[in-house]
Amino acid sequence: MASVSCPLQRTFSRPATSRVICPERLWVLSVQRYGRDRGFSLYFPQNISSSDSLYDATLTDGDCRLRVTLDPNLNRLVERNVFRCGAQLRHVSFSPGESVGEEEEEEEGGGGGGGGGGGRRRTYRLVSVEVAGDGGGEGGMEGLTPGVEPERLPWYGAQPDPALTPGPVHLERAQAPSLLPLRARRSCYLPLWNNQDYSGPAWREKPNAEDSDQDVEDVRATVTLAELQEDFLSRKGGATARRGVARGVLVVRVLNKSRVMYYGKSDSNCLCPYKALLEVCDVSGCVCVCVLWNSVCVSWYGRLRPGQVLRTRGFRVKESYDTRDHQEIDGQGKELLEYRWLRLEDGTSDQPIMIKLFSTSQPETHNKILPLSVVVCTRLQIVRDSSCCYLTNTTYTQIYCTGSGHHSVMPYRKLRPVRQFVQWLRSVDDRQVLSRAVVGGYFIYPPPPVSLDAFMKNRKGELGLLRGAELKWEAERLQYRERRSFCIQATVTMVTHCRKGMEDQCLVWTDRPAAFSPRLPPSSPRLPPSSPHLSPSSPRLPPSSPHLSPSSPRLPPSSPRLPPSSPRLSPSSPRLPPSSPRLPPSSPRLSPSSPRLPPSSKLSPRLLMLRGGLGLSNGKSPKRRLFSSAGPPRKRLTLGTHPEEENDTEGGLWEASMEFLDDEDDEDDDDDDQAFLTAPSSPVSLLGGCRLGLARVAMETVPLQYCPASREQQAIAVEMQTGEFQDLRCCGGLEDYSPTVSYTQTGHYTLTLRALSDGVMVDAVFLPGSSAASTPSGPSPPHGPSHSDHWFTILTHGGFSAHTPPPAPADLIATASQLSNQRLVCVLEVCLLGGDRLEVVLSRAFPLRD
């Protein structure tokens, strides 16, 4: 039973009203999703939500746990990853619901996970809530009593069971609530972010004894597929004559297995709305499709694999089955599909193999896909583009990975190409593979066309050019990790170059400094906007005065900062899977290539190198320097490898191949005569709700190096937000991992765009050194079109030329004035990273000619 001092106990012990409010902090331990049914209008009579999903959550106050249902009006908080596992809640408002008997839940759900003790239990609905720090980052349990194990806390309202011995387990197991959905007749929960995976213990439990019982004497088939087909077509009866159920025993071998298909509808009360397809054959040489329906699918799907021999009875025969994929439609449009990009090598080509991998209903296997993993993908299909091709799923695609025990038992290990691959695998140097590995980060493939005409032809009915307000409206409709592509006409008003982790150094160009000048109090000195010169006689800013920038104001210390970036693989934002070596702390930093000017030299306020902007943390004032495009080009940096990788051999390629055989330099700040200026907060939002994008690049956008020492934690951090606390607490933040070498060399650019239609401002990240078009992906020589690395060709190709060294950032910033007043058609990849964090990446920009 909950403690007398328990916040939940104090909340619900107050006089009964329509709503009760818990004024103290609560934490979210889990979030679970399921499809609504015909009883929705009874539970929520006044709700007009168009979503087909309902959410149950487990909350804790540190003393006990409570299961609640979210009011459908709060669904948007989950869809934006604001209400998430690990989130801290305040001012939670509950509405008492109907009392539910354990017997009713057992009857409705088929006995899946009921509690003990019988009786009736009051349920609660969460109707309003404040989420602390709704930035959508990874959750935490800050403020919870140290040492508390949330999964062992007693349930609120649970009475001790006299059959149990008193103690911690006594309280933990006392009248544990049912683990079934609270507001719909469903036998199990759906995955949080897609409908193709399975979720919950029901999928892993062994089938009932009556389902798997076999007579020892009756092990041979009494009917074949050929006989079933002949009898069915001739309509003579025979094996199929008894009430539509075939008589006899059928022995078949599984050839292929499909993903799980969820077909639940809001107007249906089906307990197990799941199905899966099996392609099977038998000794007669016939092949047919076997459909696992409902509870049979839940009980048997996880236990079946290609190559197994099955003995079946009690089946029906139908003429045909439509095996085409159908996308479920809900009130908000097409179902979101989660996918990831894999870049593989098999030793048969200099080019990598690109796979756009959707869910295959193998969540445990997908979690093991890491750099140096050996994967076998079956039943893929090829997709051809004008410039390249890649592989993707079919209905029967399955994937088998190192560490899952598949390679030693699957029949493919005896194929000659597989044996040749294993021989090649043993000759590969692990360190060379790691040097090419990438984890997470923004990625787009195939690369979009490099001409405006070709790009618009490939849009195929998608939205055309949008106004700035329309772009904002579309962005507000996005769900967590959903990515969409939009086009606007805009001009560039500012260009910033920076590197993640080096925000104290950046390069800025702006064409309208006056437009970004901050408003200062009358006593604050400021440089006159008409004065392009700085000389020793110019007024110096006292230390107590705010630092000025001709490009953008600096946020005061009290300004809110963005929360840490949230992890995970997007359903709609493509993310490359894991990889690359870390940089040592002594890695050389970028230094200016242009000579310093004496104090009397003319200084352009439009071109700056700024130290201490973007979250100045070292207390040093930044210095302004002039760069000239005529300066010498910057030398390319030589980067070392992290010492941990040289010693880490666990999970190497040699060990992976054995699975097939089991069964067989900084600058000193010494220029006191320079004017003190602060970098813009990359760039600061000045227009409130009329500005889109992030003030600084998110960690989800930056490609990361693979860290073998914490491979599992990194994989969880890159994946999408988990719905269970036990999965959340074992992973760190993305900030714990270093960017890749290619990103460290080139950094990122932020282009501030002004929509020509209505002046809406967009801060778009541009990654010219990390694009698929500019970065070699394997041991092959550079490929892709060659071009001269100036602004317009870089923007139209989406990156630097792969045939020449990338230009120095200072040189590009020095020539950014080419973009001034130039009308561009900008292709923006927009992704909601969680909460109010909106990632906007510029993938292409095509100049418009008069």
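Of the N and O atoms on the side chains of T796 and T793, not one donor lies less than 3.5 Å from an acceptor on the other residue. No side-chain N or O of T224 forms a donor-acceptor pair with one of D282 less than 3.5 Å apart. If you check the side chains of H366 and S359, you find no donor sitting under 3.5 Å from an acceptor. At a cut-off of 3.5 Å, with distance as the only test, a side-chain donor of T701 or E839 sits close to an acceptor on the other residue. A donor-acceptor contact under 3.5 angstrom links the side chains of E829 and S485, judged on distance only.
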Apply side-chain contact (heavy atoms from CB on, under 4.5 Å) to residues K414 and Y412 and explain how you reach the verdict. CA-CA 5 Å; K414 298 180 180 179; Y412 56 69; over 6 Å; no

Go through the steps to decide whether L337 and N195 satisfy the test side-chain contact (heavy atoms from CB on, under 4.5 Å), and finish with yes or no. CA-CA 8 Å; L337 301 176; N195 289 347; over 6 Å; no

Show your reasoning for whether salt bridge (charged side-chain N to carboxylate O under 4.0 Å, His left out) applies to E279 and R253. CA-CA 9 Å; E279 280 189 347; R253 182 182 296 275; over 6 Å; no

Test log, rule salt bridge (charged side-chain N to carboxylate O under 4.0 Å, His left out), inputs E712 and K368: CA-CA 8 Å; E712 290 84 6; K368 295 182 180 296; over 6 Å; no

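M410 places a side-chain heavy atom less than 4.5 Å from the side chain of Y400.
Using cut-offs of 30° and 60° for the angle between ring planes, the W341 and Y445 rings count as perpendicular. Using cut-offs of 30° and 60° for the angle between ring planes, the Y749 and F800 rings count as perpendicular. Classified by interplanar angle (parallel below 30°, tilted 30° to 60°, perpendicular above 60°), the ring pair W424/F421 is tilted.
Of the residues listed (V375, V376, V422), the one engaging H407 in a side chain to side chain contact (heavy atoms under 4.5 Å, CB included) is V376, and it is the only one.
Ion pairing of R204 with E364 is present here, as a side-chain N (NZ or NE/NH1/NH2) and a carboxylate O approach within less than 4.0 Å.
Judged by distance alone, with hydrogens and angles left aside, the side-chain atoms of Q362 form a donor-acceptor pair with the main-chain N or O of I399 at under 3.5 Å.
Within the structure, no pair that satisfies the salt bridge (charged side-chain N to carboxylate O under 4.0 Å, His left out) test touches residues 388-409, not counting sequence neighbours.
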